[in-house]
Every structure is written in structure tokens, then in C-alpha cells.
Amino acid sequence: MRSLAGLAATVAAASVFLYLLSTHLPPAPEHLRRGPAGEDPVTHRYRLKFPSDLEELRELADMLKFYKREHHGFVLLLFCSAYLYKQSFAIPGSSLLNLLAGAIFGPWEGLLLACLLTTSGSTFCFLLSTVFGKQHVVQLFPEKVALLQRKVEENRSSLFFFLLFLRFFPMTPNWFLNITCPVLNIPISIFFLSVFIGLIPYNFICVRTGAMLSEISSLDDIFTWGTLAQLITIALAALVPGALIKHYSKDHLKVDNSEPDARQGGSRR
């Protein structure tokens, strides 16, 4: 009970911080507060929330891009806090935040942010599980933990590459892998590097897609050489690393995809 109380207190403190941050926005940029031509400026109230679909994502991205022009530091702090909140507490939906990163910060700054925040948030999740949740993870998911434990022991000599394989071809969702690795006695250094490297292609695809969506205003914008080049780059980022890891796994890893529980909960996040 003490561990659950500690986890609840941590979640509550983080939730209060994120709520206060999202409800104390700085003054809107001047072009956001202007009314129609010839009228007095109007005051807008913006209510921030996690996007649940692409339409909400586009609206939020448009608003935050305007804010970023005059309040870059605040938007960066708000985005990082929201991303770490989702990752640290294993809340699904980080893929939409990757899209948002591309739309707000562009493809390269957004990719760097997504990689650092994914890795940091996953590590926080790892630490929270270590401190508060190891026994509860085993009690709630005994069969899946036993399966992963067996696979880890079979591949202990190539543990880093096995963890990379799990990130490219998830036998279990990433959030579950984050909370289970402490139970499996995975060193935090190996965990950190496997998350950072293993999720680069996925983060690249999401961030680049978000950047593209923010630039496309009509169907004509899709059929340009620049957009087609980006689509080819996304396809290569999705296929090449996975093919290399899969080729390596055939000779060096013991992975049996025929296990009945191996594909339960196939969501990446």
C-alpha cells in the first residue's frame, strides 16, 4: 500500500504542475488578439488538452506555433512537460505528440526533442516501476512477465540487440516493456540506449509526418517533388533499420513469434 500511495502522490504532483502550466498561458501574440479589421482587439481564451485526433492536433499545433513566435521558452517547457507526463506514467498517445513536435518545431528540432523526451520519459517510467511497482507488475501480468523473462534469459548474451529487436518488432507494447524491465533486471544503461536508438526510426516517421501535415494545405501540395522525397525518406526509415535488425536476429537472437501471448496489446505506446 505504501508503494501505491507514493505512486499516487507522484502522479498527483505531476498532474497539478501540468494543470497550472497549461492554465497560466502568457499573453497571446498581438496577431492572435486582433479582432476583424476596424474593430477593437478581442480576448481569446484557450483551453489546452491532449489531442485525441488529427483535427484537434492541427488546431493545437496552429495555436502553439503562433505562441512560439513570442514565447518559445514557454511552449518548449509546456510541450516537454506534457510529453514526459505521458511517457512517465505509461499513458497511450505519445505518437500524436510526436506529430505535434514535427508540426510545431519542424522536422529536425522536433526529432531531437522526440528522441530525448521518449528516452527520458521511458527512463522515468523505468525508475517509477523500480521504486513503486515491481511487485504489482508481476501480480497483474504474471504470464507476460514470465514470457519476457524467459526471452531475456535466452538472449542475455545479446541483451542490447534483443531490446532493440523488441523496439522494432514489439512482442509487447513499449509502455509495458518500460515497466517490466526493472523486474527483468535490465541494467538502466542498456535500457536507456536501447530506447534512444531503437525508437529513432519510429520517432522520425511520426515527426516528419507531423511536419508534412503542417505544411500541406491542399491536395496539390502532396504532389510536389519535395513532398515525394520526404515520403520516400519516411518509407526508408521504416524499412531499412527493421530489415537490418531482423537479419541480425536470425543468427544471433532466440525469438519465437509463435508464442500465443507474444502479440497481445500490439500498440507501440
Side-chain angles (χ1 to χ4, degrees), residues 1-19 50 80-98 113-156 158-200 202-203 253 255 259 261-269:
M1 291 300 294
R2 187 174 301 177
S3 61
L4 288 178
L7 179 60
T10 304
V11 174
S15 300
V16 170
F17 172 78
L18 188 59
Y19 173 79
F50 287 112
C80 291
S81 300
Y83 203 115
L84 290 175
Y85 182 87
K86 270 187 171 289
Q87 282 290 109
S88 299
F89 301 124
I91 301 173
S94 294
S95 56
L96 286 176
L97 292 185
N98 283 347
L113 275 176
C115 291
L116 292 176
L117 292 174
T118 299
T119 307
S120 300
S122 296
T123 304
F124 290 153
C125 187
F126 178 102
L127 294 173
L128 287 172
S129 178
T130 301
V131 176
F132 299 119
K134 290 175 70 172
Q135 66 273 28
H136 301 295
V137 172
V138 176
Q139 291 172 2
L140 290 172
F141 310 101
E143 294 182 1
K144 296 188 74 174
V145 170
L147 171 64
L148 278 177
Q149 181 72 64
R150 180 165 60 83
K151 294 298 181 184
V152 166
E153 293 305 322
E154 290 176 351
N155 295 279
R156 183 67 68 174
S158 302
L159 185 58
F160 175 72
F161 290 100
F162 177 67
L163 292 177
L164 279 184
F165 180 89
L166 291 182
R167 298 295 176 177
F168 280 105
F169 305 100
M171 297 169 61
T172 189
N174 278 330
W175 65 264
F176 183 76
L177 195 58
N178 294 341
I179 65 175
T180 308
C181 278
V183 180
L184 306 179
N185 297 317
I186 305 294
I188 192 170
S189 57
I190 294 179
F191 174 85
F192 184 93
L193 288 174
S194 69
V195 174
F196 183 82
I197 298 174
L199 291 180
I200 286 177
Y202 176 75
N203 289 333
L253 301 180
V255 181
E259 295 289 345
D261 294 328
R263 295 293 177 181
Q264 288 182 1
S267 171
R268 290 193 65 92
R269 298 294 173 104

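Counting all heavy atoms, side chain and backbone alike, Ser81 lies closest to Phe17 at OG-CE2, 3.6 Å. The two atoms that bring Lys86 and Pro92 nearest to each other are NZ-O, 2.8 Å, heavy atoms only.
Atoms CG and CG, on Leu97 and Leu117 in that order, are 9.5 Å from each other to the nearest 0.5 Å.
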Report task. Evaluate the criterion side-chain contact (heavy atoms from CB on, under 4.5 Å) for residue pair Thr118 and Ser94; output intermediate values, then yes/no. Result -> CA-CA 8 Å; Thr118 299; Ser94 294; over 6 Å; no
Report task. Begin with the C-alpha distance, continue with both residues' side-chain angles, and end with the deciding distance and a verdict on salt bridge (charged side-chain N to carboxylate O under 4.0 Å, His left out) for Glu153 and Arg150. Result -> CA-CA 5 Å; Glu153 293 305 322; Arg150 180 165 60 83; over 6 Å; no
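Side-chain rings of Phe165 and Phe161 stay apart, their centers remaining 6.0 Å or farther from each other.
Looking at Leu147, Thr180, Leu159 one by one, the single match for side-chain contact (heavy atoms from CB on, under 4.5 Å) with Val152 turns out to be Leu159.
Scanning for ring-ring contact (aromatic ring centres under 6.0 Å, His included) contacts around Phe124 gives an empty result, with sequence neighbours left out. In this view, Phe160 satisfies the ring-ring contact (aromatic ring centres under 6.0 Å, His included) rule with no residue, not counting sequence neighbours. In this structure Phe196 satisfies the ring-ring contact (aromatic ring centres under 6.0 Å, His included) test with no other residue, sequence neighbours excluded.
Using a distance-only test at 3.5 Å, with no hydrogens or angles considered, no donor-acceptor pair links the side chain of Ser129 to the main chain of Cys125.
Contact check for Asn174 versus Tyr202: no side-chain heavy atoms found under the 4.5 Å cut-off. Taking 4.5 Å as the limit, every side-chain heavy atom of Trp175 sits out of range of all side-chain heavy atoms of Ile91.
The aromatic rings of Phe191 and Phe126 lie tilted to each other, with the angle between the two planes from 30° to 60°.
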